[in-house]
Peer 1: 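One structure, pasted below without further comment.
Letters A, B, ... mirror the listed sequences (proteins, then strands); counts begin at 1.
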2 protein chains.
Amino acid sequence: MKYSTPYIAPTLVVDAVLFQIIDNVLNVLLIKRSKDPHKGAWALPGGYCPSGETTIDALHRITNQKAGVDIKLDMAHVEQLYTFDTVARDPRGHAVSVTYMACGLDISCSRHASEQTQFSPVDSLPKMAYDHADIIAYAHTRLQSKITYTNAVYAMLPKLFTLSQLQLAYEAILMKTLDKRNFRKKFLQLNLITGTDQKQRDGAHRPAQLFRFSSQTLQVLTRSID
Amino acid sequence: MKYSTPYIAPTLVVDAVLFQIIDNVLNVLLIKRSKDPHKGAWALPGGYCPSGETTIDALHRITNQKAGVDIKLDMAHVEQLYTFDTVARDPRGHAVSVTYMACGLDISCSRHASEQTQFSPVDSLPKMAYDHADIIAYAHTRLQSKITYTNAVYAMLPKLFTLSQLQLAYEAILMKTLDKRNFRKKFLQLNLITGTDQKQRDGAHRPAQLFRFSSQTLQVLTRSID
DNA sequence: ACAAAAGTGTTAAGAATACACCCATGT
DNA sequence: ACATGGGTGTATTCTTAACACTTTTGT
């Protein structure tokens, strides 16, 4: 580790892809940039990670400050995505961006936000700053694959949910329709969820049985879901 | 992005997990540390990534300088693994480590190495510095999973190879034995490899047909291999 | 009675697994 | 002739995919 010149570290930034299902559509949280570069375009919440703060701590701080989202409270699934070298992205020159993805439920983003924020459907993003559209696409692919071999959807559903709600969540993320009978059969075989004796009455039709996840921590499966 | 104090970036380091199969055993490249911390223990090749150099460029430079390995020439598969916050790892304090994995064939590590290097079987590592044993375990899991849904093994085999060699590579990485007939049937169905009319004569037994990979770039499969 | 979502089984095709013998060569 | 690794097929089980009607409720 010899350097003839003193070592100068690249700028380290953390960017977050925050997913939530709203009205059966997968949404991602965006912030409108108030400054150049890309002033007026939409971007992922992100910010500097200084020496002494871990990237995960920076993630929590930044999403809280910029979007008013408390990941610890509201997002039950968090995972690191990828680290991008973003050569000409930062005014200081070379920056490295560590990206995270988090999934939650009933996230309100405006409460304490210091910037203009909104959730936007993943399949109809507005004009995005930087390469953030690519990062969202990458995160989406990862999420799609994650829910097929883990119980990660639990982060995007209420504690008690119906099988139809569960299926709608899968359909929103996978962006395709699934067969009701096959979906239920497969999911119940996996023992990820357990039935309760409660029902959800919800309009002029038969009430639905409510289920809960057997575990609220990430379970990795050997078989795959759809 | 407001800071009351001037922004100081964490130290950025790049660490590499370099895999190679030697005598049908999966090996990883290690370097003996000549300095504290962890003097005398073995470590992954790694080093500082300064501002202005991308992490992938730093990876190439570091593996070349420290282990005499030219990744561009010798390692056909390279992928980023994970970025670790390594709080008390660097004498300067907070460091962030971007780790990469690379797979190759016939790597000689001593040619231009500036440090003492060796390949070590993944299932019998010597005393490792830092959390490097964990990083290797993580990389190994990732590699195991990668070869089951891509053609990534191509990086660890010669251009022409027999089906037995291919199976031995899988067995070395997955660390379990496979059924010869099922393995061949499945692999040939996938159209990843094509037969040649060449044979390998290799001792007192029937010569084996030589195959090549249809593509030397990463192909992602929908079906899985074993 | 009707509208609306919940709930439920069977069949056919394809994939995974388990398993044992003959073939071509060098010595 | 024998030792060595190369090469091949079938039967069973499990998984996936396709598909339509009855049930329960509110209005």
Peer 1: Under 4.0 angstrom, heavy atoms only, what part of the nucleic acid is R223(A) near: base, sugar-phosphate, or nothing?
Peer 2: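 If one applies the 4.0 Å heavy-atom cut-off, R223(A) turns out to touch the sugar-phosphate alone, with no base involved.
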Peer 1: Tell me whether the OP1 or OP2 atom of dG6(D) has a side-chain N or O from S164(B) closer than 4.0 Å.
Peer 2: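 Yes.
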Peer 1: Using the rule side-chain hydrogen bond (donor to acceptor under 3.5 Å, both in side chains), only one of T86(B), D15(B), T83(B) pairs with S97(B); which is it?
Peer 2: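 Per the side-chain hydrogen bond (donor to acceptor under 3.5 Å, both in side chains) rule, the option paired with S97(B) is D15(B), out of T86(B), D15(B), T83(B).
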Peer 1: Would you check if I225(A) and Y170(A) make a side-chain contact, meaning some heavy-atom pair closer than 4.5 Å?
Peer 2: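 Yes; the side chains approach each other to less than 4.5 Å.
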Peer 1: Output the rounded distance in Å from CZ (R206(A)) to C1' (dT22(D)).
Peer 2: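 The distance from CZ of R206(A) to C1' of dT22(D) comes to 9 Å, rounded to the nearest Å.
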Peer 1: Return the value, rounded to whole Å, for the distance between atom NE2 of H205(B) and atom C1' of dG26(C).
Peer 2: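 Taking atom C1' of dG26(C) as the reference, NE2 of H205(B) is at 9 Å.
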Peer 1: Hey, which sits more toward the 5' end of DNA chain D by its nearest nucleotide, G203(A) or Q189(A)?
Peer 2: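 In this pair, the answer is Q189(A).
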Peer 1: Between atom CZ in F183(B) and atom P in dG9(D), what is the gap in whole Å?
Peer 2: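 The answer, rounded to whole Å, is 18 Å.
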Peer 1: Under 4.0 angstrom, heavy atoms only, what part of the nucleic acid is D202(A) near: base, sugar-phosphate, or nothing?
Peer 2: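 No contact.
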Peer 1: Report, as yes or no, whether the 6.0 Å neighbourhood of atom CZ on R142(A) holds more than 12 heavy atoms from other residues, nucleotides or ligands.
Peer 2: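 Atom CZ in R142(A) is packed in, count exceeds 12.
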Peer 1: Starting at atom CG of N182(A), determine the distance to atom C1' of dA13(C), rounded to an integer number of angstrom.
Peer 2: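 My rounded result for the distance is 13 Å.
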Peer 1: Please state whether the phosphate of dA16(C), meaning OP1 or OP2, lies under 4.0 angstrom from any side-chain nitrogen or oxygen of K186(B).
Peer 2: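 Yes, because at least one side-chain N or O of K186(B) sits under 4.0 Å from OP1 or OP2 of dA16(C).
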Peer 1: What is the distance, rounded to the nearest whole Å, between atom CZ of R201(A) and atom P of dA6(C)?
Peer 2: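 The distance from CZ of R201(A) to P of dA6(C) comes to 14 Å, rounded to the nearest Å.
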Peer 1: For D179(A) and dG9(C), give me the distance from atom CG to atom P, rounded to whole Å.
Peer 2: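 Going from CG in D179(A) over to P in dG9(C) covers 15 Å.
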Peer 1: Which nucleotide in the list dA16(C), dG6(D), dG9(C) gets nearest to the side chain of R181(A)?
Peer 2: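 Of the candidates, dG9(C) comes closest.
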Peer 1: Write down the distance between CD (Q209(A)) and C1' (dT23(D)), rounded to a whole number of angstrom.
Peer 2: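 In whole Å, dT23(D) C1' and Q209(A) CD are 15 Å from each other.
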Peer 1: Taking the side chain of K185(B) as its heavy atoms from C-beta onward, which of dG9(C), dA18(C), dG7(C) lies nearest to it?
Peer 2: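 Among the listed nucleotides, the one closest to the side chain of K185(B) is dA18(C).
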Peer 1: Considering just the side-chain nitrogens and oxygens of R184(A), establish if one lies under 4.0 Å of OP1 or OP2 belonging to dG7(C).
Peer 2: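 R184(A) to dG7(C) OP1/OP2: side-chain N or O found under 4.0 Å.
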Peer 1: Just by distance, do the side chain of T117(B) and the backbone of A67(B) share a donor-acceptor pair under 3.5 Å?
Peer 2: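 Side chain of T117(B) to backbone of A67(B), a donor-acceptor pair under 3.5 Å: no, none is there.
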Peer 1: Can you measure K180(A) atom NZ to dC19(D) atom P for me and round it to whole angstrom units?
Peer 2: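 After rounding, the gap between these two atoms is 16 Å.
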Peer 1: List the steps and the verdict of side-chain hydrogen bond (donor to acceptor under 3.5 Å, both in side chains) for S215(A) and Y154(A).
Peer 2: CA-CA 9 Å; S215(A) 165; Y154(A) 76 81; over 6 Å; no
